[in-house]
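Below is one structure, written out as structure tokens, with a few remarks after it.
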Amino acid sequence: MQRALLAAFGVAVMTTATAGGKPVSAVTPPSNEMVRSRAEALIAEMTPQEKAGQLSQYFYFAVFPSQAQLVNGHLEKGEVGSLLFVSDPAETNRLQKIAVEKTRLKIPLLFGFDVIHGLHTILPVPIGMAASWDPQLVENAQSLAASEARAVGIHWAFAPHVAIARDPRWGRIVEGAGEDPYLGAAMAAAQVRGFQGAFIGSPRHIIAGPKHFAGYGAALGGRDYDEVNLSDNELWNVYLQPFKAAVDAGAGNIMAAYMGLNGVPASGNSWLLTKVLRDTWGFKGFVVSDSAAVRSLAVQGLASDPDDAAVRALKAGVDMEMALIGKPAAFESLPTALEQGRISRQELDSAVRRVIEAKIRLGLFENPYVDEAKAMTVLHDPSHLNAARVAAERSAVLLRNENAVLPLDAHRIKSIAVIGPLADSPRDTLGPWVFKQNNLNATTILAGIRAKVGTKIRIDYSEGVRLPARLHPSPFGMMDGPQPPKAALDETLEIRRATELARGADVALLVLGEGQEMIGEMASRSSLDLPGRQQELLDAVVAAGKPVILLLMNGRPLDLKETKADAIMEIWYPGSEGGNAIANLVFGDAAPGGKLPFTWIRNAAQAPLIYSHLTSHDPGNADKRYWNESSEPRYPFGYGLSYTKFSYANLHIERTSYAPGEPVNVTVDVQNAGPRAGDEVAQLYLHQRSGTSARPVRELKGFQRVTLQPGETRNLRFTLRPEDLRYWTSVLGSWVQDAAKFDVWVGGSSQADLASSFEVKRPH
Ligand code: NOJ
């Protein structure tokens with residue numbers, strides 16, 4: 001009966017398959033025609049008010065009871081299309097029931113949420129997952145997140161955030177994949193595949209909403225929300241690349257950004273939302289504004305008032321408005337705009353169709369509810385914690401390891417001093433974009449180390465110092481509710497105590513960085529110093545004379561001065577299983593193999609500093625652009641050590657000469673030349689020597705993460721596709737592939753030095 005019903009509604013039902021022993025009801029997507037005609041039939045019955053309602057999305061959660069009141073009124077009239085921030089399955093069911101049983105047309109709600117790096121099982125922050133340089137891991141991670149979200153009734157993630165970030169003062173660098181368009185595109189596509197599965201409506205998957213379209217990361221001064229001015233060259237070759245990859249991967253939604261791009265706020269920017277996104281790229285999904293961004297068009301000086309803002313946003317290409325908390329959606333005025341002829345029926349209906357089509361594809365008309373008991377089983381699936389731990393292990397980047405101090409030998413060490421304000425903070429271990437609605441439990445680094453060594457090794461702990469408060473409290477602070485007050489800490493005394501503990505231990509393990517509310521949205525900084533008195537703590541512990549392992553919990557480069565810590569490992573905000581992952585890395589049960597997804601600058605004044613810059617007229621002086629310090633970064637893009645060593649040889653390009661459009665095959669041998677098994681990320685960089693435009697000194701165009709046993713050599717093959725050799729040139733205002741000479745390097749970072757070259761020649 002159920003199958004007949006599904007089939008009748010256009011969802012093709014296939015035979016039941018099994019995956020990992022679990023039965024999977026394999027469905028195929030309904031045809032586009034079927035979806036379209038169903039949507040049209042429904043639209044034909046809708047009033048303009050119901051249409052505007054479908055285009056309105058409201059926040060709904062306990063910390064804003066008055067907001068719930070506002071929404072309830074609209075909900076029963078069938079004037080809400082989507083809600084965000086509900087993550088309790090009983091609550092999604094309750095609200096869905098109102099939409100499906102009480103409203104005239106019974107159109108189900110679409111529930112959205114910021115599923116940024118996990119819902120209940122928290123994965124490492126996105127910049128950390130990008131540092132794994134492992135798209136399959138990232139795809140699996142977001143697929144896991146999607147399964148948890150779908151189980152509780154969430155249908156759509158406001159993710160992935162695919163903004164290129166070249167200025168680490170910008171707090172939202174933590175949500176993306178860093179500075180590089182090639183790595184960014186790979187991570188964007190992997191996340192879309194992970195969230196959505198094979199198609200929109202795949203069981204246990206949700207719609208992905210790549211954001212924030214576009215250019216957000218180039219905010220002036222790294223200040224969140226500030227304007228962005230990007231040349232065509234940077235837009236097409238860099239900032240739009242991950243979005244294009246996400247659209248090509250089938251993303252069902254795109255979120256428009258807040259800020260002005262080249263003078264036009266993104267939610268009113270028809271060039272972006274229609275000309276590029278739909279006309280040039282063929283995007284078929286729906287576009288949502290960022291929260292309050294439609295009304296903001298009036299605040300930002302584009303629209304004259306909220307009604308004008310609604311008209312301009314819809315006409316520019318926004319299909320759904322994420323409304324401002326406390327106010328009805330500006331889109332509520334669209335029926336009046338229709339009456340006045342300021343928008344056409346076709347414009348309104350196109351937006352409604354895209355939203356209704358998404359609901360049809362997700363199967364919400366057939367299955368609006370979730371099974372609450374089953375949801376709990378999914379959230380507590382033990383394999384999810386295991387996956388989160390592996391993701392954290394594979395994200396870590398080893399930046400320094402003097403005298404192979406890491407990994408620690410559990411048989412030789414008798415005591416460890418674990419020190420630092422982030423060593424035992426579950427909330428910080430999870431990172432930003434995690435709320436009470438998610439799951440605030442996490443294994444801290446201290447707990448992970450303790451669990452690993454049991455009573456065999458003495459563990460002493462000192463908080464060391466407290467992280468300072470932000471100048472302006474984080475807007476997200478209230479989401480976790482009031483925090484219990486902490487007992488006062490005399491930092492001077494505690495630094496002394498920590499130093500004594502370090503002196504009395506075989507090794508000191510410091511966990512320093514930025515608190516989770518010091519990074520993310522509205523968390524830009526004008527300094528990259530360790531906040532508060534952490535540098536003083538670090539220096540004092542180093543001066544105690546014992547080996548010091550510095551674990552950094554943060555999402556941007558930090559200025560560590562000239563610290564003499566013996567080992568430095570970037571662990572990001574490693575998530576629910578952070579402590580267990582880091583304990584495995586510290587004791588060598590896992591090996592760090594991640595690489596930096598950004599250039600690690602020395603201090604904030606160097607920003608922006610990227611590896612893929614243009615060659616100047618005087619390249620010999622590249623490190624002398626400041627008279628007071630080196631203009632080279634602390635660590636280059638793509639950098640990261642291992643517990644073993646890798647060597648590269650036999651870089652071979654299949655031919656010396658190619659016609660335009662021909663793929664170029666490159667092979668290289670990578671050898672694990674050290675004593676332990678380990679992971680290496682082999683990276684291929686390209687440079688075009690001359691052309692219509694000057695091209696960057698080198699650009700990432702391929703990478704592969706491989707695990708090699710001691711002594712093992714692997715022959716890796718890279719293929720440069722025609723799109724890897726073309727670029728957008730402002731001279732022609734279009735893409736071009738030049739006939740030119742190209743240099744290729746392959747190695748373990750953007751400073752790879754094993755080189756070869758080839759030529760692209762036009763046939764005569
Ligand atoms: C504003 C943020 O910019 C966006 O990324 C997020 O998805 C929405 N708020 C909803 O939380």
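Model, not experiment: these values are computed from the prediction. Throughout, numbering of the chain's residues begins at 1 and tracks the sequence. Each ligand, and each atom within it, is numbered from 1 in the order the structure gives.
In this structure a side-chain-to-backbone donor-acceptor pair under 3.5 Å is missing from T599 to I610. Panel note: side chain Q54, backbone G81; no donor-acceptor pair is recorded below 3.5 Å. Side-chain atoms of R166 never come within 3.5 Å of backbone atoms of P608 as a donor-acceptor pair (strictly under, hydrogens ignored).
For Y216, no nitrogen or oxygen atom sits less than 3.5 Å from a nitrogen or oxygen atom of ligand 1, counting backbone and side chain alike. Of the polar atoms of D114, at least one N or O is found under 3.5 Å from an N or O of ligand 1, judged by distance alone. For ligand 1, none of its N or O atoms has an N or O atom of Y258 under 3.5 Å away.
Residue contact check: F85 has heavy atoms under 4.0 Å from atoms 11 (O) of ligand 1. Of all the atoms in ligand 1, the ones that sit under 4.0 Å from a non-hydrogen atom of S291 are 1 (C), 9 (N). Those atoms of ligand 1 with a heavy atom of F158 less than 4.0 angstrom away are 7 (O).
Given atom 1 (C) of ligand 1, the protein heavy atom at minimum distance is D290 OD1, 2.9 Å. Remark: minimum distance from atom 2 (C) of ligand 1 to any protein heavy atom is reached at E521 OE1, 3.2 Å. Protein heavy atom in closest approach to atom 5 (O) of ligand 1: H212 NE2, 2.6 Å.
Only the side chain of K211 comes within 4.0 Å of ligand 1, counting heavy atoms alone; its backbone N, CA, C and O stay farther away. Contacts between R172 and ligand 1 below 4.0 angstrom, taking non-hydrogen atoms only, involve the side chain exclusively.
A ring-centre distance under 6.0 Å is not found for F637 and F598.
The side-chain hydrogen bond (donor to acceptor under 3.5 Å, both in side chains) with Y258 is formed by just one residue from the set S291, S296, S267; it is S291.
In this structure W170 satisfies the ring pair (Phe, Tyr, Trp, His ring centres under 6.0 Å) test together with H161, Y216, sequence neighbours excluded.
Between R150 and H205 the shortest side-chain heavy-atom distance does not fall below 4.5 Å.
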Exercise for review: Could you please spell out the steps behind the side-chain contact (heavy atoms from CB on, under 4.5 Å) verdict for V80 and Q57?
Suggested key: CA-CA 6 Å; V80 176; Q57 181 186 48; over 6 Å; no
